[in-house]
Amino acid sequence: MPRSIRFSVFFLLGIVALLLIGPHFFPKSYAEPSSLPFASPSWQHWCGTDLNGRDLFYRMLTGGTISLLVGCAGAFITLLVGTFYGMVAGYVGGWCDAGMTRFIDILYSIPRLIFILIFINAFNERLQQSANDLGWSWLVGSSRILILIVSLGLIEWLTMARLVRGQTLSLKERPFVAAAQILGQRSIIILWRHIFPNLLGILMVTLTLSIPAVIIDEAFLSFLGLGVQAPMSSLGSLLAEGASAINPLRGAWWTLLFPALLLLLLLMTLNYLGNELREFHLKKRS
Amino acid sequence: MLPARFLSLFLVLFCVVSITFFLMRLSPGGPFDAERKLPPAIEHQLLLKYRLNGSLWQQYTDYLKDLLHGDLRLSTKYRNRSVAEILAQTLPVTFTLGTLSLLMALGFGLWIGAFAAARPHSLFDHCALHFALLAVSLPAFVLGPLLILFFSIWLHWLPVGGWGSFSQLLLPSITLALPFIAVIARLFRDQLREVLQDDFIRTAHAKGLSQRAIIYRHALRVAILPVISYTGPLAANLLTGSIVVETIFHIPGAGSFFVNSILNRDGFLLGGIVIVYCTLLIFCNFIIDIAYSRLDPRIK
């Protein structure tokens, strides 16, 4: 494994550890509003404080955790949907494949995020209502983030499906698949036992690249105030707060700059790792 | 071939309209539950005019009928303004921004890609690669506020937002275009590198053509095909991106009305914007498909 991959994995693990463990090192009062609104960065508050006097660094860590959580969970859903769709399209072939591929093309050319945006905001209240009726109190608080994860997973699976389809199409022609077919194995067994293990490499690569894509989508929604809702915050909603806090009269630049840098760092690390993994995978295969 | 394409075009459009309508109706509250209420008399008039008390199916067919007559209905939030009126005012703004960004993305993307591919593993190539990684990780809502912070608030070079002058157009279009410049540059560079290994390029070399002529006359025509098929998704992404860019830079385009229409439950306005956006994109893709088959004789 090349050094660049190992290095970026360690770097990523470092960021994740910081996000998960970091908040425990700060006093609980850092999460509460204080009498120091918009304090500039100091030794006490490394990244300054926000509008309500909460410590920005603390909020960035918890917000980053939410972003990362949504990213990973959403990417996992793209993995499930994309793999299934792609494998079926590639293996069955014929008009079924043509139709399924055309469907992906159509979805690509439609602003899917816009539909998801409407869906989340329409469906959330309905879900909360039915959760209330059923007495599932745990669902009421986290309903929005659950819908976010599922729906973002449901719009980012296209790339995954397309790649898996192409790969399945070429694997299908290989002798070991023909052998399994002659032995009379059922299609579903062939897909699971013989084709799926050969897809793992490309799945790993695409999964790594799906995480930043989902994180960007989530931040987009939260930035518009239509994603994660207070009291929960993600990097997107922190950015929105920061963007509204900068104006020529009162330049609370830290509320914008630091969340932006953290998001940039997270996305760059993930994109870099994904690209390097792809190169490595291509080199190994040829 | 062409009639089939047209048919599928209308089928997609019909699906888009239906999905939008039912998504609008999915939320439990009605269009009049917004925080700032309309006067009851107007509310009552709208209710009667569009028969909003009827069954869901009847409302749906009514809406489709109105759409077929070219009527996007009245906004339920902005008093006495039709959706068509609002769109006529805001869409030109969104188009100007979108077209400029599209041209920037294609222009700079192709230029950087070709330049890097002609000098593989040079300093420029490496810089372009790292720039692409950086730009892909800089979505509009990160880049936009940062650009405002640097160029408008700290340096006072460009206005913070608004619409009308060229200087106000500069930051938003850069914000919108930059990630896509990176994507296109990367795509085009990789494709061009691959094409340059092909046999017909070796033939061109053997004929004694200059590197310049080979790239611009022979390789470009083949390598540009994936970029053209990427233009469809690109247009969709630019339209989505323009929503957030318009919000950041306070541009009076359709995107900011879109966000407000969701928050205000202004169903007809929301539906109108989505339908116009999708129609536009579907036709855009139709044109791209035709252009693609013209450029690539292998596709019939």
Side-chain angles (χ1 to χ4, degrees), chain A residues 102 105-126 128-129 158 209 212-213 215-217 219-226 235-236 239-240 242-249 251 253 256-257 259-261 263-272 275, chain B residues 8 11-12 15-16 19-20 22-29 129 132-134 136-146 148-149 152-154 156 160 179 186 229 232-233 235-241 243-244 247-248 258-259 262-263 265 270-271 273-274 277-278 281-282 284-285 288-289:
Chain A
R102 181 83 197 126
D105 285 343
I106 290 173
L107 283 186
Y108 255 120
S109 62
I110 280 175
R112 308 179 298 282
L113 208 53
I114 287 180
F115 283 97
I116 285 302
L117 224 162
I118 304 171
F119 172 75
I120 292 172
N121 285 281
F123 191 64
N124 184 46
E125 282 176 41
R126 181 142 289 200
Q128 274 183 341
Q129 236 172 33
L158 302 178
L209 287 170
I215 290 180
I216 288 182
D217 285 349
F220 172 89
L221 296 178
S222 298
F223 186 87
L224 292 175
L226 300 165
L235 287 178
L239 268 172
S244 66
I246 54 156
N247 54 51
L249 297 176
W253 52 269
L256 172 70
L257 194 63
L261 285 180
L263 184 60
L264 181 66
L265 196 68
L266 197 61
L267 292 176
M268 266 185 86
T269 314
L270 284 163
N271 278 327
Y272 180 74
N275 280 338
Chain B
S8 78
L11 202 69
V12 172
C15 290
V16 163
I19 292 171
T20 313
F22 287 109
L23 278 180
M24 264 154 39
R25 292 273 126 196
L26 194 65
S27 54
L129 210 66
L133 181 71
L134 179 73
V136 168
S137 311
L138 268 175
F141 47 85
V142 179
L143 186 62
L146 285 182
I148 292 183
L149 186 65
S152 305
I153 295 190
W154 284 350
H156 296 290
V160 177
R186 189 77 209 272
S229 55
N237 288 337
L238 280 177
L239 217 47
T240 315
I243 294 173
V244 77
T247 317
I248 294 170
F258 172 79
V259 177
I262 291 182
L263 294 173
R265 299 168 168 286
L270 177 64
I273 295 175
V274 172
Y277 272 17
C278 289
L281 286 174
I282 290 168
C284 187
N285 273 282
I288 290 166
D289 273 0

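Naming convention: chains lettered A, B, ... in sequence-line order (proteins, then strands); numbering from 1 in each chain. The structure presented is a predicted model; accordingly, all values stated were derived computationally and were not measured.
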Sort B/Pro139 into side chain, backbone, both or neither according to what part of it lies under 4.5 angstrom from a heavy atom of chain A. side chain

With a 4.5 angstrom heavy-atom cut-off, could you sort out which part of A/Arg112 is near chain B: side chain, backbone, both or neither? neither

Could you tell me which portion of B/Leu270 (side chain, backbone, both or neither) has an atom closer than 4.5 angstrom to a non-hydrogen atom of chain A? side chain

With chain B, which of A/Gly242, A/Ala240, A/Ala219, A/Pro212 has the greatest number of heavy-atom pairs at distances under 4.5 Å? A/Ala219

Rounded to the nearest 0.5 Å, what separates atom CD1 in A/Ile114 from atom CG in B/Leu239? 6.0 Å

Using side-chain contact (heavy atoms from CB on, under 4.5 Å), reason through B/Cys278 and A/Phe115 one step at a time and then give a plain yes or no. CA-CA 11 Å; B/Cys278 289; A/Phe115 283 97; 3.9 Å; yes

Check B/Thr240 against A/Pro111 and note the closest heavy-atom contact, atom names and distance. OG1-CB, 3.7 Å

Locate the shortest heavy-atom distance separating A/Tyr108 from B/Ala236; write the atom from each residue and the value. O-CB, 4.1 Å

Which atom names give the shortest non-hydrogen contact between B/Leu146 and A/Leu256, and what distance separates them? N-CD2, 4.1 Å

Walk me through it: do A/Leu267 and B/Leu138 pass the test side-chain contact (heavy atoms from CB on, under 4.5 Å)? CA-CA 8 Å; A/Leu267 292 176; B/Leu138 268 175; over 6 Å; no

Is it the side chain or the backbone of A/Tyr272 that comes within 4.5 Å of chain B heavy atoms, both, or neither? both

Contacting region of B/Val12 [heavy-atom separation from chain A under 4.5 Å]: side chain

Taking the side chain as every heavy atom from C-beta outward, state whether B/Phe258 and A/Leu224 have any pair of such atoms under 4.5 Å apart. no

With rounding to the nearest 0.5 Å, note down the distance linking CG in A/Leu264 to CG in B/Leu134. 6.0 Å

Given that the side chain runs from C-beta out, which part of B/Tyr277 has a heavy atom under 4.5 Å from chain A: side chain, backbone, both or neither? side chain

A/Ala260 and B/Val142: which non-hydrogen atoms are nearest, and at how many Å? CB-CG1, 3.9 Å

Considering the options A/Leu117, A/Ile118, A/Ile120, which one meets the side chain to side chain contact (heavy atoms under 4.5 Å, CB included) requirement together with B/Leu23? A/Ile118

With a 4.5 angstrom heavy-atom cut-off, which part of A/Asn275 approaches chain B: side chain, backbone, both or neither? side chain

By a 4.5 Å heavy-atom criterion (distance strictly below it), what part of B/Val274 contacts chain A: side chain, backbone, both, or neither? side chain

Rounded to the nearest 0.5 Å, the OG atom of B/Ser137 sits from the CD1 atom of A/Ile216 at a distance of 6.5 Å

